[in-house]
Engineer: 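Below: one structure in structure tokens.
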Amino acid sequence: KKTVKDIDLKGKKVLMRADFNVPLNEDGVITDDTRIQAALPTIKYILDQGASLILMSHLGRPKNEPDPKFSLLPVAKRLSEVLGTEVVFNDDGEVVGQVTKDAAAALKPGQILLLQNTRFRPEEKKNEPSFAKELASLGDVFVEDAFGSSHRAHASTAGVADYLPAVSGFLIQKELDFIGGALEDPKRPFVAILGGSKVSDKIGVINNLLEKVDSLIVGGGMAFTFLKAQGYEIGSSLLEEDKIDLAKELLAKAEAKGVKLLLPVDVVVAPEFKADAPATNVKVDAIPADQMGLDIGVETQKLFADTIKDAKTVIWNGPMGVFEFPEFAKGTVAVAKAMAESDAVTIIGGGDSAAAVKQLGFEDGMSHISTGGGASLEFMEGKVLPGIDVLENK
Ligand code: 3PG
């Protein structure tokens, strides 16, 4: 795919899609600006080339109409702070109104304009050509760097590419290099670790990874459906009854492919889903009928950590237990620690596991923490990402 480095940007008006969908607290204050920071290398490069920049993003899920709760104003302010330069922003609720069009036309090289939340327009998610054309009319070239939104075929992520030359930014490239690199040509052993509560969310990922990995580690709530499929009694642990047969099929597929599928051998159980519920470590064949598993056990921590230690590539998506409760975060900590201490290429596949790694302080030890949630999952499923598919080939 072509990148910003493959085209001449001097004097151009660059229309760039970023993923500035950042978490805000009740007061509208940004609580984690990772996605803003992640867009900076591309933003700075574009400005350094003597271009002017028109940035667009969505924020949250407004109801296809202007809504002050979802204004990108806090993003404009933060961006201006971190860049140390003005970011022009029009807060009248319009995405491409006359004021914005005039501001875009008046931009000089080195200047930045941020459009209001693209989801204030109903045509955004429908990817309506008329809106894509309106957006495209503001710039001379389209730079797509919103990896986190690249699984959405929306006007601002994909549609605009019908009207402008389209290239990727450095963030997209980095995500493709790490996640794509691991999936296509991993250093082996290649180990994938999947967790989180539901098997149903991860079916596509498991299926695709079983074609690629040497070992697949399954923890978190979803492990209990697999344990049930193996005939264990799992008490009141999370169970997706209608996925037991599928779990059996996946276990059989792993065996047929020669993939080592590791499940917990012991778990931490408690009588209820509460931070201060009394925790007990039990073997998987001794889960009490009235208790639920909320984390992997100590023996399992060691088993998983040893597997990670021997790996050359590790990709992780989904926590091992209820990591929001310190008592049940130990399994997730153990996996994060083993990855941080390993010399392997270590990739965190976004979403909850990225949050866990940051919250637990293992950020620096990882080779790559994806900025995508849904996007990295779909990428790991082997799906085509519309926002990347529209980019020009070299
Ligand atoms: C995300 O946070 O995963 C992306 O910004 C996409 O947001 P969406 O799920 O609302 O499309």
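All ligand and atom numbering here is 1-based and tracks the order in the structure.
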Engineer: State which residues pass ring-ring contact (aromatic ring centres under 6.0 Å, His included) with F20; sequence neighbours excluded, sorted by chain then number.
Structural biologist: none
Engineer: Could you check whether the rings of H368 and F178 sit parallel, tilted or perpendicular, using 30° and 60° as the cut-offs?
Structural biologist: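 H368 vs F178 ring planes: parallel.
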Engineer: Need the list: ligand 1 N/O atoms against protein N/O atoms, distance under 3.5 Å, rounded to one decimal.
Structural biologist:
unit_1	atom_1	unit_2	atom_2	d
ligand 1	2 (O)	N21	ND2	3.1
ligand 1	2 (O)	R35	NH1	3.0
ligand 1	2 (O)	R35	NH2	3.3
ligand 1	5 (O)	D19	OD1	3.3
ligand 1	5 (O)	D19	OD2	2.8
ligand 1	5 (O)	N21	ND2	3.0
ligand 1	5 (O)	R35	NH1	3.3
ligand 1	5 (O)	H58	NE2	3.3
ligand 1	7 (O)	H58	NE2	3.2
ligand 1	9 (O)	R61	NH2	2.6
ligand 1	9 (O)	R152	NH2	2.8
ligand 1	10 (O)	R61	NE	2.8
ligand 1	10 (O)	R61	NH2	3.4
ligand 1	10 (O)	R119	NH1	2.9
ligand 1	11 (O)	R119	NH2	2.7
ligand 1	11 (O)	R152	NE	2.6
ligand 1	11 (O)	R152	NH2	3.3

Engineer: Verify ring pair (Phe, Tyr, Trp, His ring centres under 6.0 Å) between Y45 and F170, making sure each step is shown before the conclusion.
Structural biologist: CA-CA 9 Å; Y45 176 82; F170 300 126; 5.2 Å; yes
Engineer: Under the ring-ring contact (aromatic ring centres under 6.0 Å, His included) rule, what pairs show up with a residue in residues 194-237, not counting sequence neighbours?
Structural biologist: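 Matches after skipping sequence neighbours: none remain.
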Engineer: Write out all pairs satisfying side-chain hydrogen bond (donor to acceptor under 3.5 Å, both in side chains) with one or both partners inside residues 7-16, taking only residues at least two apart or from two chains.
Structural biologist: none
Engineer: Under a plain distance cut-off of 3.5 Å, with no hydrogens placed, do H154 and R17 share a side-chain donor-acceptor pair?
Structural biologist: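 Side chains of R17 and H154: no pair found under 3.5 Å.
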